[in-house]
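The first residue in the sequence is number 1, and the count goes up from there. Note that this is a predicted model, so its numbers are computed, not measured.
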Amino acid sequence: MFTRAQAGAAPAGAAAVTAAGPSERQAFVQGLLCTGSNPKVGIFLMAFLPQFVPAGMTPEAGVPLLAACYLALGLIWLLTWMRLVHRLARHLRSPRTLRIADGLTAVVFGVFALRLALGG
């Protein structure tokens, strides 16, 4: 049920909503601004990257360079995932896939419940 709601299927008796989502460009800019305005990213980079600055390079030059490399690799990774999910979206939303996902979720939660009930 939860998976179907996420996939956009309207619950029984509910009116269908036909609102158009943001364009690809708007979604990209929104994600970029959301991540770029998150102070945790900057704090993490300032705490993690200085230890990797090459010997002989000043931290003022090394940290921004390493941060740019880190962010570029992250961008490439996310763009790759975006393309993959876009290509697979039709298959991921099919009724058969939703039934399989619901079944797997039920099995996983059933195993967890059984394990909890048996005290293990």
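The line from CG of L75 to CZ of F28 is 5.0 Å long, rounded to the nearest 0.5 Å. To the nearest 0.5 Å, atoms OG1 (T80) and CG (L84) are separated by 9.0 Å. In this structure, CD in E60 is found 13.5 Å from CG in L65, a value given to the nearest 0.5 Å. In this structure, CE in M82 is found 6.5 Å from CD in E24, a value given to the nearest 0.5 Å. The CZ atom of R99 sits 8.0 Å away from the OG atom of S94 when rounded to the nearest 0.5 Å.
Taking all atoms of both residues into account, the shortest heavy-atom contact from C34 to S37 is O-OG, 3.3 Å. Closest non-hydrogen pair, L98 versus L92, comes out as CD2-O, 4.0 Å. Across P64 and P59, no two heavy atoms sit closer than the pair CD-O, 3.8 Å.
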* Asked: When you look at V63 and L45, which way does the side chain to side chain contact (heavy atoms under 4.5 Å, CB included) test go after all the steps?
  -> CA-CA 8 Å; V63 170; L45 292 176; 6.0 Å; no

* To do: Go through the steps to decide whether V29 and L33 satisfy the test side chain to side chain contact (heavy atoms under 4.5 Å, CB included), and finish with yes or no.
  => CA-CA 6 Å; V29 170; L33 290 174; 3.9 Å; yes

* To do: Please step through side chain to side chain contact (heavy atoms under 4.5 Å, CB included) for the pair R83 and R87, ending with a clear verdict.
  => CA-CA 6 Å; R83 286 293 264 194; R87 289 179 185 221; 3.9 Å; yes

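At a threshold of 4.5 Å between side-chain heavy atoms, the hydrophobic network of Ile, Leu, Val, Met, Phe, Trp and Tyr places L71 and L49 in one connected group. Tracing side-chain contacts under 4.5 Å through hydrophobic residues (I, L, V, M, F, W, Y), one never reaches L104 starting from L88; they form parts of separate clusters. L78 and V85 end up in the same hydrophobic cluster when Ile, Leu, Val, Met, Phe, Trp and Tyr side chains are linked at under 4.5 Å. Each of Y70 and L79 belongs to its own hydrophobic cluster when Ile, Leu, Val, Met, Phe, Trp and Tyr are linked at side-chain heavy-atom distances under 4.5 angstrom.
Within 6.0 Å of CD in Q51 there are more than 12 heavy atoms belonging to other residues, nucleotides or ligands.
A distance-only check finds no donor-acceptor pair linking the side chain of T35 to the backbone of L32 [under 3.5 Å].
Using the six-membered ring where Trp is involved, F44 and F48 have ring planes that are parallel, under 30° apart on the 30 and 60° scheme.
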